[in-house]
Visitor: 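Here it is: the structure, laid out below.
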Amino acid sequence: MPAKLPLTIASDLLAWYDVHARQLPWRAPPGTPAPDPYRVWLSEVMLQQTQVATVIPYFEAFTRRWPDFRALAAVEDGELMAAWAGLGYYARARNLLACARVVANDYGGALPDTEEALRKLPGIGAYTAAAIAAIAFGRRAVVVDANVERVVARLAVLDTPLPAAKPEIAALTDGITPDDRAGDFAQAMMDLGATICTARAPRCMLCPVRGECAAFARGAPEQWPQKAPRRVKPQRYGTMFWIEAEGHVLLVRRPDKGMLGGMLALPTGPWEEAPPGLTDAPIEADWQIADTVVRHVFTHFALDCALAETRLDRQTDAVADGQWWPLREMDAAGLPTLFAKAVAKMEK
DNA sequence: CAGCCGTGGCT
DNA sequence: TAGCCAAGGCT
């Protein structure tokens, strides 16, 4: 284990946070009473692997429609998934709803206030449980996200690459987390990582703790954290099927497991190393292949998806579990971006 | 534990 | 621009 970090980091960081904290819709100003746990929880789930600017409009829409756990717990699955459309990582939406229902049914509509109890709820892992306990309930918790990992790795010039360095980083973070204001400290670390101690081109001259930063002293802070090399992203090919009839298009609900799980979508064939053509076409029809493909990049592969079109005289019921959606209301369908791109292409 | 799981911003 | 990256959780 490396040497401990200077204990002055917490006080320096909190003093900086008192002046420079970002004003965010889910955040109470420094020193004021803790914000509503529902809003903290909702924001933390939305913020998992997702940047602040992307989350804000979704957070505003969700809190306007569903102001508390009971309201959210009463939503139908499809309505919730449609509202989440575009945010990505759709398992978060399924877990969000499951969590809201547990809170409404088993906890009287109020989130439990300990890390241990929070950790057992759907969609709440080690990071989110610590963040909620600290920010919403004022408990001392060690909050480690990707920002904290980067900041701590630089402060301590950790040469162990991620993710192997995670235990060391957690121990070092524990060592500088204050007993009071652990929530503000966590948010200060994350603000610092998001605005100053950035992954590339860090703004060290604005940093309140550069005097305690070993990476700054070395003169090359962007050299940390070290990371294990990434795998190359494979290219895959697929086909989407556009079946139009009487001003409607056929949509299907994707299974909960797997890519875009639980989301409404255009029917698709398999996604493979070679173009699958009309494999798994929902019906036999006179398919026309659009002249351009829909390109979309997911986390672990890139997809070139052909678009097969056909028009029918009537809305066939030959496709089990399909539903006909009016073309004039495609925005309300809540399609993942891959399919929203196809809709945009068809509307031209 | 390592692979799976979206999307948009930034350089 | 092509790749890197982000307030991770689940299995």
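Below, read A as the first sequence line, B as the second, and so on, with proteins coming before strands; counting in each chain starts at 1. Values below: every heavy atom of this structure, side chains too, minus hydrogens, waters and symmetry copies.
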Visitor: Give me the distances for all protein-to-nucleotides 1-3 of chain B N/O pairs that come in under 3.5 Å?
Guide:
none

Visitor: Would you tell me if any nitrogen or oxygen in the side chain of A/His300 comes within less than 4.0 Å of OP1 or OP2 on B/dC5?
Guide: yes
Visitor: Can a salt bridge be assigned to the pair A/Asp321 and A/Arg253 using a cut-off of 4.0 Å between side-chain N and carboxylate O?
Guide: no
Visitor: Please classify the nucleic acid contact of A/Ala146 as base, sugar-phosphate, or nothing, using heavy-atom distances under 4.0 Å.
Guide: sugar-phosphate
Visitor: Mind checking if A/Ala201 touches a base, just sugar-phosphate, or nothing, with heavy atoms under 4.0 Å?
Guide: nothing
Visitor: Whole Å only: how far is the CE atom of A/Met259 from the C1' atom of B/dT7?
Guide: 11 Å
Visitor: What pair of heavy atoms forms the shortest contact from A/Phe339 to A/Leu260, and how long is it?
Guide: CE1-CD1, 3.6 Å
Visitor: Give one of base, sugar-phosphate or nothing for A/Met190, where a contact means two heavy atoms less than 4.0 Å apart.
Guide: base
Visitor: Return the value, rounded to whole Å, for the distance between atom CD1 of A/Ile196 and atom P of C/dA6.
Guide: 17 Å
Visitor: Just need the stems in DNA chain C: three or more back-to-back Watson-Crick or G-U pairs, each with both distances under 3.5 angstrom, sorted by first number.
Guide: B:2-5 with C:8-11, B:7-11 with C:2-6
Visitor: Just jot down the salt bridge (charged side-chain N to carboxylate O under 4.0 Å, His left out) partners of A/Glu212, sequence neighbours excluded, or say none.
Guide: none
Visitor: Can you list every ring-ring contact (aromatic ring centres under 6.0 Å, His included) pair that touches residues 243-290 of chain A, not counting sequence neighbours?
Guide: A/Phe241-A/Trp287, A/Trp271-A/Phe298
Visitor: At 4.0 Å (heavy atoms only), tell me whether A/Gly258 reaches a base, stays on the sugar-phosphate, or touches nothing.
Guide: sugar-phosphate
Visitor: Is the closest side-chain donor-acceptor distance between A/Gln288 and A/Thr310 under 3.5 Å?
Guide: no
Visitor: Can you tell me how far P in B/dT11 sits from the matching atom in C/dA7, rounded to whole Å?
Guide: 14 Å
Visitor: Quick test of your reading: applying salt bridge (Lys or Arg N to Asp or Glu O under 4.0 Å), list the pairs with at least one residue in residues 217-242 of chain A, sequence neighbours left out, ordered by first then second residue.
Guide: none
Visitor: Identify, between A/Arg150 and A/Asn95, the residue whose nearest nucleotide on DNA chain C lies closer to the 5' end.
Guide: A/Arg150
Visitor: Can you name the residues that form a side-chain contact (heavy atoms from CB on, under 4.5 Å) with A/Ala71, not counting sequence neighbours?
Guide: A/Trp66, A/Pro67, A/Asp68
Visitor: Check every strand shown and say whether A/Lys257 touches a base, only sugar-phosphate, or nothing at a heavy-atom separation below 4.0 Å.
Guide: nothing
Visitor: Under 4.0 Å between any heavy atoms, over every strand shown, what does A/Thr198 touch: base, sugar-phosphate, or nothing? Just pick one.
Guide: nothing
Visitor: Mind running a 4.0 Å heavy-atom check of residues 57-90 of chain A against DNA chain C and sending the residues that fall below it, in number order?
Guide: none
Visitor: Check the distance between C/dT11's C1' and A/Arg92's CZ and give it to me in whole angstrom.
Guide: 18 Å
Visitor: Which of parallel (below 30°), tilted (30 to 60°) and perpendicular (above 60°) describes A/Trp26 and A/Phe59?
Guide: perpendicular
Visitor: Which pairs with one or both residues in residues 73-94 of chain A pass salt bridge (Lys or Arg N to Asp or Glu O under 4.0 Å), sequence neighbours excluded?
Guide: A/Arg65-A/Glu79, A/Asp77-A/Arg101
Visitor: What is the distance, to the nearest angstrom, from the CD atom on A/Glu222 to the P atom on C/dC5?
Guide: 12 Å
Visitor: Going by side-chain hydrogen bond (donor to acceptor under 3.5 Å, both in side chains), name the pairs with one or both residues in residues 326-346 of chain A, residues two or more places apart or in two chains.
Guide: A/Thr292-A/Lys345, A/His296-A/Lys341
Visitor: In whole angstrom, what separates A/Ile132's CD1 from C/dG8's C1'?
Guide: 12 Å
Visitor: According to the side-chain hydrogen bond (donor to acceptor under 3.5 Å, both in side chains) rule, which pairs have a member within residues 173-184 of chain A, sequence neighbours left out?
Guide: A/Asp18-A/Arg181, A/Arg140-A/Asp174, A/Arg140-A/Asp179, A/Arg181-A/Asp184
Visitor: Need one value for A/Val148: base, sugar-phosphate or nothing, where a base atom within 4.0 Å counts as base even if backbone is also close, heavy atoms only.
Guide: nothing
Visitor: Pick base, sugar-phosphate or nothing for A/Leu96, based on heavy-atom distances below 4.0 Å to the nucleic acid.
Guide: nothing
Visitor: Residues of residues 40-55 of chain A with any non-hydrogen atom less than 4.0 angstrom from an atom of DNA chain C: list those, numerically ordered, please.
Guide: A/Glu44, A/Leu47, A/Gln48, A/Gln49, A/Gln51
Visitor: Could you pick out which residue, A/Phe301 or A/Arg200, lies toward the 5' side of DNA chain B when each is mapped onto its nearest nucleotide?
Guide: A/Phe301
Visitor: Could you give the CG-to-C1' distance, from A/Asp256 to C/dT11, as a whole number of Å?
Guide: 15 Å
Visitor: Less than 4.0 angstrom between a side-chain N/O of A/Thr299 and OP1 or OP2 of B/dG6, yes or no?
Guide: no
Visitor: Can you list the residues that meet the salt bridge (charged side-chain N to carboxylate O under 4.0 Å, His left out) rule with A/Arg203, with sequence neighbours excluded?
Guide: none
